[in-house]
Amino acid sequence: MTTATEVGSPAGSRTDAGAEAGAPWSPVELLPALLVAVLGVVLLAPGHGLWFDELFTAEVGRLPLGDILTAITTGVGTTSYLADVPPSYNAPYYLVMYVWHAVPGLGGDTSLRVLSLLATAGGLTLATRALTRLAGRGTGLLAGLVLAANPLVLEQAVEARSYGLAVLATGATALGLARWLQEAPRGLLLFGLAGAGMGLAHWYAVTVLAAFVTAAVLLRRRRAIPVVLTGALAALPPVGFVALAVLNGTGARNAEHLRDTDGGLVGMAAEAWAGGRTPLLYLTLVLALVGAVRARGARVVATSWVVVPLLLLLAAELVRPVFLPRYLLAGLLGLGVLAAAGAMSLPRVARVPVAAVLVGCSLLAAAPLAERGPRERADEVVALLTELHEAGEPIVAADQRSAIGLDHYVRTSAPQLRPDVVLPPDDAPADADRVWLVRRIVRGEPIPTDDDAILRDAGLRMVRQYEFPADKTFLALQTWAR
């Protein structure tokens, strides 16, 4: 067993009595995973329906593998109403979803979200183990609990998107680096494979891979060449998918969602991590600063984990907007790790109280998530249609967001409605006496579509509107009749 050298400082510095390079695994290290699982179940308990991004996951993941691969490579959507929304963006995630759907009994709405939660729990377990090896069990456990209670982590842990897998791969990459730092060449293969997976789960996570390589160079200088080469190879698959998206014309598809921070990216990222301007924000920043200056064992790794991604994104912002909180998740995990390391670097008498306050503030910041309403209520729209609709009456989706929800929940819960469903680009029929129109409401007004003029010209008028407000998509079900 190797000596527990302080891996938060260049090789040759004094040993760190807290580091446990060869310490056996302890069940205590599962506490962060248990915490995030319990909190995740609380958030999933209301059983809200999927929203657009999650519906996209559900609809693409169930397709034949050949159709998914064709859509990814050509940049063409998988359905008529999503012709301009192909799965090229985050393509590897949809391939994972295809495998998940193939497992008997899985593929339902809840199981898609559970996969994200399980992946997050696994990632936190691996990250806890990595920090335990680097800086001792106290720091590792606190770091894991801080991440498990964080509002941004929890929000993404219960959605059917790729961020849970990104957390899993990030934790595995951190563990690979920790093992290599203490027992080289062990850990190098894990570092490379997980590093590639991290970037494939979300390409922004490549910045974290760069951070880990930077930490290895700072700590081992020339001896870090294997890590540098492995990191470069690990970056090739995600870079390849980004290049594919550029070549097939889908590379900038989500650009309209990105914000230009005018140089305030660092502050906005910290606010996103803390769930807004809460005591957690200030406590995290203070402890992270303490950790960057005083922490032993994980100081260089944790500081690089925070600083390198933010610097790279600040540089990228000179060319185009890059900010969206969830896109920064893999890098912001380092902020929680650095804050935990800072808390454990305080005088011994202050460590437990400060650690308790840090975890407590994280839980308080995450508490509003438990009262969060549905992101979208397409499931309720379809449920109401099953009560009010009569056979032969057209059910028209006026736009692509309305279409995907209607299509999904008719398929999963109301197949008897399918013969009457009309999806874009098809318009409302002009020969019906009563038409059901599902559409989005934005700023209090329905989004105009061709269907309005067609129905009016046919002598129909809107006689009733059922509204379904939600956090992400405000849907309305309108009844048009003569």
Side-chain angles (χ1 to χ4, degrees), residues 51-54 56-57 85-94 96 116 119-120 123 127 147 150-171 173-174 195-212 235 237-246 250-276 305-337 369 375 471-472:
W51 68 285
F52 180 79
D53 282 12
E54 297 179 298
F56 191 81
T57 294
V85 189
S88 302
Y89 194 79
N90 275 7
Y93 174 60
Y94 301 114
V96 173
S116 292
T120 301
L147 301 185
N150 180 263
L152 183 60
V153 173
L154 284 170
E155 181 181 24
Q156 301 309 317
V158 294
E159 295 205 345
R161 296 191 292 179
S162 65
Y163 300 100
L165 294 179
V167 172
L168 175 62
T170 302
T173 308
M198 185 167 57
L200 290 172
H202 197 279
W203 68 275
Y204 269 45
V206 172
T207 62
V208 181
L209 180 61
F212 289 156
V239 170
F241 271 102
V242 172
L244 175 63
V246 172
T250 62
R253 185 175 62 79
N254 277 4
E256 68 272 15
H257 301 300
L258 301 175
R259 297 169 55 188
D260 189 345
T261 66
D262 293 322
L265 186 145
V266 174
M268 293 174 65
E271 287 187 29
W273 176 256
W305 196 342
V306 176
V307 173
V308 172
L310 291 177
L311 287 179
L312 290 174
L313 292 173
L314 280 171
E317 196 174 47
L318 298 175
V319 179
R320 54 169 289 178
V322 297
F323 181 78
L324 194 62
R326 62 178 182 266
Y327 285 13
L328 277 60
L329 177 60
L332 288 175
L333 295 175
L335 184 58
V337 168
L369 293 175
R375 296 293 186 95
D471 290 346
K472 284 287 185 181

Closest heavy-atom pair and its distance - [X], [Y]:
X    : Y    : answer
Y163 : R326 : CE2-O, 3.2 Å
G263 : L314 : O-CD2, 4.4 Å
D260 : P321 : N-CB, 3.7 Å
L332 : P325 : CD1-O, 4.5 Å
A196 : P237 : CB-CG, 4.3 Å
T170 : A330 : OG1-CB, 3.8 Å

Apply the test side chain to side chain contact (heavy atoms under 4.5 Å, CB included) to residues F323 and L258: give CA-CA distance (whole Å), side-chain angles for both, the deciding distance (0.1 Å), then the verdict.
-> CA-CA 5 Å; F323 181 78; L258 301 175; over 6 Å; no
To the nearest 0.5 angstrom, please state how far the [atom1] atom of [X] sits from the [atom2] atom of [Y].
X    : Y    : atom1 : atom2 : value
T120 : E159 : OG1   : CD    : 11.0 Å
L310 : L328 : CG    : CG    : 6.5 Å
Y93  : F241 : OH    : CZ    : 15.0 Å
L313 : Y204 : CG    : OH    : 6.0 Å
L168 : S162 : CG    : OG    : 12.0 Å
E54  : S116 : CD    : OG    : 8.0 Å

Q.
Checking L154 against N150 for the side chain to side chain contact (heavy atoms under 4.5 Å, CB included) test, could you report, in this order, the C-alpha distance in whole Å, the side-chain angles of both residues, the deciding distance, and whether it holds?
A. CA-CA 6 Å; L154 284 170; N150 180 263; over 6 Å; no
Under the ring pair (Phe, Tyr, Trp, His ring centres under 6.0 Å) criterion, do F212 and W305 qualify, and how do the steps go?
CA-CA 7 Å; F212 289 156; W305 196 342; 5.0 Å; yes
Can you tell if the side chain of L265 reaches within under 4.5 Å of the side chain of V322, non-hydrogen atoms only? yes
Q) Side-chain contact, heavy-atom cut-off 4.5 Å: L333 with W273? A)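 Heavy-atom side-chain distance check passes, below 4.5 Å.
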Looking only at the side chains, is there a donor atom on one of E317 and T261 sitting less than 3.5 Å from an acceptor on the other? yes
- Task: Could you tell me how the ring of H202 sits relative to the ring of Y327: parallel (under 30°), tilted (30 to 60°) or perpendicular (over 60°)?
- Result: tilted
So M198 and L209, side chain to side chain contact (heavy atoms under 4.5 Å, CB included) or not? Walk me through it.
CA-CA 8 Å; M198 185 167 57; L209 180 61; 3.7 Å; yes
**OP:** Could you tell me whether R161 and E155 make a salt bridge, using a distance below 4.0 angstrom between a side-chain N and a carboxylate O?
**Re:** no
Of L165, L200, T57, the one forming a side-chain contact (heavy atoms from CB on, under 4.5 Å) with V96 is L165
Q. Any sub-3.5 Å donor-acceptor pair from T207's side-chain atoms to P309's backbone N or O?
A. no
Note to self: What verdict does the side chain to side chain contact (heavy atoms under 4.5 Å, CB included) test give for W203 and V239, after you've listed the backbone C-alpha separation in whole Å, the side-chain angles of each residue and the deciding distance to 0.1 Å?
What the structure shows: CA-CA 8 Å; W203 68 275; V239 170; over 6 Å; no
